[in-house]
Amino acid sequence: MPPSLDPACLLIDGAWTPAEDGRQRAVVNPFDSSTLAAVAEASEADTDRAVRAARSAFDEGSWARAPSAHRAGVLTATADALQSQREQLARLETLDTGKTLAESRMDVDDATAVLRYYAALVTSDAGRTIDTGRPDAISRVVHEPVGVCALITPWNYPLLQIVWKLAPALAAGNTVVAKPSEVTPLTTIRLFRLLQAELEQAGAPGGTANLVLGGGAVGAALARHPAVDLVSFTGGLATGRSVMRAAADTVKKVALELGGKNPNIVFADADLDAALDFALTAAFLHSGQVCSAGSRLLLHRSLHADFTAELARRADLIRLGDGLDKGTETGPLVSAEHRRKVEDHIAGALAAGAVLRAGGSRPTEPELQAGFFPRPTVLDGCHPGMAVIREEVFGPVLTVELFDDEDEVVALANDTPYGLAGAVWTQDTGRGERVASRLRLGTVWINDYHPYVPQAEWGGFKQSGTGRELGPSGLREYQESKHIWRTITPAAQHWFGG
Ligand code: NDP
């Protein structure tokens, strides 16, 4: 089912439009390299128009100052619209990213839940009253929108990532310019079609939500644009640094969700069946293209031989294929270029002394040759001196390191520039809690891997980012706090005698 797409797919000031210079870019299915669609490629002039539209819509004030229930109504209606197109959206996400249909359906459901969560949260967000200690003065803190927000998202969870930003940004009363990855823009375009219909119905100004498409140049133009007040960026560490630098000139607010090098720690007393099963899911779900992927397995030394042998056996059995096929367990990487990077990481690790236990090459099945597949790979004998332990691979590559005791594993797990997520497996409750509290990570799972809920904050310590998405903090990212003090019966103080 190739998606039909109108090349007029930039949304600027309430109108769907092609790029002003007519440029387009092909979007490719990573399973078979076929062209799915051609989409508009915004120029710097298109990007500037989108930002100016968002600026006028914000400054006009009717969206920012509308009752929060009005904005919440738009989010709820968009959530309903997403659910009514659940299957079409899930198929589109699978075609564009290569992930399995089951994962794509979960993404649509999670995106819906996040829209509903922020619709509910913003309507109960009344600020707070402060006790001034004076009967003639009232003091309160209220929350107001920041202004024009640029929302820049990566290719691995296109629909989910844009909703994590869009829902709180719009709920708070901001106007937005979104830029998805050039590699996987299709579900974001579909989402904005649904959203724009609801914004029009609600009488919102034309430039409330804008969408520009294109590569890094478009993202960079947004990050440095003087009329943008906030940049929320999810992507790689190097790009995150350049966004922060570009934002510095006009002191924009910056929220960064960057990568991770996430430890998955298995103690000898763990439920080993569950730990092994989740070690595979942690590392190989969506071919490892998950910021929180459990790509570093830290194994108690006593488990080494049996656990790694079984891990390698089961990694070899993972069924690769078309995400649309029921039997597929994981799909391809997103692009040929990204597969080359993953293969370079594997070659580098082997040259540095890692021992190959599974994978390490491309699959040989004829039906997989047109897709960007590597085999799920297990590398044993790894240590923190290796680049593969310190740098994010973002592919189906699981490294194995050994430890002897609690102190050692905490030190190993914390010894990277990242601090996004990780897990600890043990049946000793005290140990689980102790280790969780010592890990410098934004999320720690005890005896689980990957679950999240919209109510709980998501984000990283250290170089995994700044700020948080989801939860109440996810709304605060898009709000300014304002203190309003009112003296009821003003009287001269005569501080100065004259
Ligand atoms: P990139 O950093 O390459 O790109 C992210 C987004 O930024 C894309 O839209 C990209 O455009 C855009 N971009 C590229 N260059 C610039 C620039 N100079 N200024 C502004 N924007 C720019 O990341 P990937 O798309 O490769 O995504 C993978 C990365 O994202 C991984 O490192 C992963 O860990 C991280 N990630 C983090 C998550 C988290 O929650 N912490 C969640 C998901 C992913 P384009 O793609 O069109 O070039």
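First listed ligand is number 1; within each ligand, the first listed atom is number 1.
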Please check if the distance between the ring centroids of [X] and [Y] is under 6.0 Å.
X	Y	value
Trp164	Tyr452	yes
His286	Tyr157	yes
Trp16	Phe192	no

Under 4.0 Å between a Lys/Arg side-chain N and an Asp/Glu carboxylate O for [X] and [Y]?
X	Y	result
Arg468	Glu457	no
Arg105	Glu93	no
Asp46	Arg49	yes
Arg224	Asp249	no
Arg52	Asp59	no
Arg25	Glu41	yes
Arg390	Asp415	yes
Lys165	Glu477	no

Mark up the atoms of ligand 1 that fall under 4.0 Å of a heavy atom belonging to [X], in ascending order.
X	value
Gly219	19 (N), 20 (C), 21 (N)
Thr239	1 (P), 2 (O), 3 (O), 13 (N), 14 (C), 15 (N), 16 (C), 17 (C), 22 (C)
Gly236	1 (P), 2 (O), 23 (O), 29 (C), 30 (O), 32 (O)
Ser242	18 (N)
Trp458	40 (O)
Gly259	34 (O)
Ile152	6 (C), 7 (O), 9 (O), 12 (C), 21 (N)
Glu182	45 (P), 46 (O), 47 (O), 48 (O)

Report the part of [X] (side chain from C-beta onward, or backbone N, CA, C, O) that has a heavy atom under 4.0 Å from ligand 1; answer both or neither where that applies.
X	value
Thr234	both
Pro154	both
Pro180	backbone
Val243	side chain
Gln289	neither
Asn156	side chain
Glu392	side chain

Would you say [X] contacts ligand 1, with heavy atoms under 4.0 Å as the rule?
X	answer
Ala223	no
Gly214	yes
Glu469	no
Tyr157	no
Gly215	yes

### Query
Who gets closest to atom 7 (O) of ligand 1 by heavy atom: Trp155, Tyr418, Trp164, Phe233?
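Result: the heavy atom closest to atom 7 (O) of ligand 1 is in Phe233.
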#### Entry: Residue and atom name of the nearest protein heavy atom (relative to atom 28 (C) of ligand 1), distance in Å to one decimal
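Sorting protein heavy atoms by distance from atom 28 (C) of ligand 1 puts Phe394 CE2, 3.5 Å first.
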#### Entry: Nearest non-hydrogen protein atom, atom 6 (C) of ligand 1
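The protein heavy atom lying closest is Thr153 O, 3.5 Å.
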### Polar side chain donor-acceptor pair, Asn174 to Gln479, under 3.5 angstrom
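No, Gln479 and Asn174 have no side-chain donor paired with an acceptor closer than 3.5 Å.
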### Contact summary for Phe373 and Leu368, nearest pair of heavy atoms
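Result for this residue pair: CD1-O, 3.6 Å.
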### Task
Over 60° means perpendicular and under 30° means parallel, so classify the ring planes of Trp445 and Trp458, tilted if in between.
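Rings of Trp458 and Trp445: tilted, 30 to 60°.
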